[in-house]
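The structure appears below as structure tokens.
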Amino acid sequence: MPELPEVEAARSVLEGALDREIRSVDDSDEWVCRPHRPGEIAGALVGGRLTAAHRRGKTMWCETADRDGRPGPHLGIHLGMGGRIVVTTDADDHGRAGGDPRPAAGYTGPVPRKPEWNRFVVTFTDGGQLRLFDKRRLGRVRLEPDLGALGPDAEEIGREEFRTRVRRGHSAVKARLLDQSVLAGVGNLLADETLWQAGLSPSARADELDTATLDHLYDALAAALRSAIEHGGVHTGEVIGFRHADADCPRCGAPMVHGTVGGRSTWWCSKEQA
DNA sequence: AACAATGTTCAGTC
DNA sequence: GGACTGAACATTGT
């Protein structure tokens with residue numbers, strides 16, 4: 001689930017947790033909170049509050065203030081492969097603490113309680129909580145996250161910079177799009193969607209692409225990003241539902257084919273992206 | 001049971 | 001040292 005569009009939505013949810021006094025913090029998951037020791041993050045936050053929520057690529061961080069309003073450490077949050085942010089208030093929680101925030105479509109029964117999937121929880125003095133809900137446990141929380149290795153955000157990068165950064169190096173163009181130090185925010189599905197929209201082979205060498213092709217790719221990425229944000233996630237991309245065996249390209253009808261590019265499972269149109 | 005999964009990181013190889 | 005590749009990471013779903 002989490003690529004730039006989903007993370008931006010999560011960042012927006014995070015804003016509901018701002019300016020509320022922190023009563024306690026459960027940072028006992030030593031894997032998710034590594035390299036911090038249990039209690040370390042709690043010690044830095046309890047009594048203070050979160051004051052702003054930011055995002056660059058797939059990384060989010062909150063500014064904090066202590067009980068006297070002085071600036072505190074940044075709280076970094078990464079959703080990993082499937083994490084979600086849940087923010088509750090005392091009034092709207094209805095005892096669902098720990099429930100899966102996204103029951104399967106059409107499921108109308110009780111929301112299953114899986115408290116163990118809440119990997120990091122901040123409880124406010126008003127009784128509400130901020131939770132990192134993550135079944136797969138690849139999400140991450142840490143103080144003072146290092147953003148130095150991230151390239152410019154995929155939503156903000158300019159045409160010129162996109163061109164020079166993507167073209168650098170000899171790897172496949174999809175690998176360049178996925179490299180968070182080239183530009184930050186593109187994940188596996190968004191990369192496949194963007195390349196399909198652009199009619200470009202995922203394994204084309206990035207340094208062999210001409211300027212017109214790179215500009216076309218830039219436009220395709222901007223459009224795919226905007227569409228995903230507007231429609232609620234990268235899974236709403238036009239080709240995403242056709243990333244499976246025996247599927248045909250929804251545009252030209254030629255068979256979709258599969259392979260590994262940039263170390264990730266990749267689907268492309270056998271005719272338009274040859 | 002074996003394998004893939006919307007992400008990152010580390011070890012190994014050029 | 002830099003650039004690149006593939007496996008590993010923890011866990012769930014198919």
Side-chain angles (χ1 to χ4, degrees), chain A residues 1-10 28-35 55-61 76-85 100-105 107 112 114-120 132-142 145-151 154 165-196 202-208 221 224-225 227-229 231-245 247 258-267:
Chain A
M1 175 224 167
E3 300 187 30
L4 190 154
E6 289 80 7
V7 180
E8 176 53 28
S28 57
D29 191 315
E30 295 184 58
W31 175 256
V32 168
C33 296
R34 73 191 186 287
R55 178 191 63 75
R56 179 149 156 212
K58 305 170 197 167
T59 296
M60 297 180 282
W61 71 97
I77 302 176
H78 197 294
L79 299 177
M81 196 85 108
R84 292 158 183 279
I85 294 294
D100 188 329
R102 188 201 58 175
Y107 180 76
K114 289 282 189 180
E116 67 271 27
W117 287 343
N118 286 318
R119 310 297 183 177
F120 176 79
L132 170 60
F133 181 89
D134 178 19
K135 327 183 182 199
R136 289 183 54 188
R137 218 178 171 207
L138 286 170
R140 213 168 159 175
V141 176
R142 70 183 319 177
D146 179 17
L147 307 180
L150 292 180
R165 283 179 164 270
V166 171
R167 190 148 48 186
R168 197 175 301 157
H170 308 179
S171 51
V173 61
K174 180 174 178 182
R176 300 300 290 162
L177 292 177
L178 290 174
D179 186 335
Q180 302 299 297
S181 71
V182 173
L183 72 168
V186 178
N188 199 33
L189 297 184
L190 194 52
D192 275 7
E193 174 73 13
T194 298
L195 290 161
W196 178 80
S203 49
R205 302 293 106 178
D207 53 347
E208 291 173 4
L221 173 58
L225 264 177
S227 170
I229 288 170
H231 295 108
V234 292
H235 61 281
T236 62
E238 289 181 59
V239 82
I240 303 305
F242 298 83
R243 295 174 82 259
H244 61 81
H258 177 258
T260 297
V261 182
R264 307 301 304 278
S265 178
T266 302
W267 291 86

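Numbered from 1 within each chain, the chains take letters A, B, ... in sequence-line order. Fair warning: this is a prediction, and the values are worked out from it, not measured in the lab.
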Seminar exercise, completed: Whole-Å distance, Ile77(A) CD1 to dT8(B) P, equals 15 Å
Seminar exercise, completed: side chain to side chain contact (heavy atoms under 4.5 Å, CB included) with Val7(A): of Ile77(A), Leu79(A), Ile85(A), only one passes, and it is Leu79(A)
For this session: Looking at every strand, decide which applies to Arg168(A) at a 4.0 Å heavy-atom threshold: base, sugar-phosphate, or nothing.
Result: nothing
Problem set entry | Nearest-nucleotide pick for Glu3(A), side chain only, options being dT9(B), dG7(B), dC4(C) | dG7(B)
For this session: Just call it for Arg34(A): base, sugar-phosphate, or nothing, with non-hydrogen atoms closer than 4.0 Å on any strand.
Result: nothing
Exercise. Think Arg264(A) has a side-chain N or O under 4.0 angstrom from the OP1 or OP2 of dT6(B)?
Worked result: yes
Problem set entry | Heavy-atom protein contacts under 4.0 Å, nucleotides 6-14 of chain C, coded B base, S sugar-phosphate only, - none | ---BBBSS-
For nucleotides 12-14 of chain B, give me every protein contact, N/O to N/O, under 3.5 Å, one pair per line with atom names.
none

Exercise. So, Ser203(A) versus Lys174(A): side-chain donor-acceptor pair below 3.5 Å or not?
Worked result: no
Exercise. Of all the base pairs, Watson-Crick or G-U under 3.5 Å, which form stems of three or more consecutive pairs involving DNA chain C?
Worked result: B:2-5 with C:11-14, B:7-14 with C:2-9
Exercise. Quick one: is dA5(B) close enough that its OP1 or OP2 comes under 4.0 Å of any side-chain N or O from Ser265(A)?
Worked result: yes
Problem set entry | From CA spacing to verdict: side-chain contact (heavy atoms from CB on, under 4.5 Å), Val166(A), Arg168(A) | CA-CA 6 Å; Val166(A) 171; Arg168(A) 197 175 301 157; over 6 Å; no
Exercise. Hey, is the side chain of His78(A) poking within less than 4.0 Å of OP1 or OP2 on dT8(B), counting only N and O atoms?
Worked result: yes
Problem set entry | Pair Thr266(A), His258(A): side-chain N/O donor-acceptor within cut-off below 3.5 Å | no
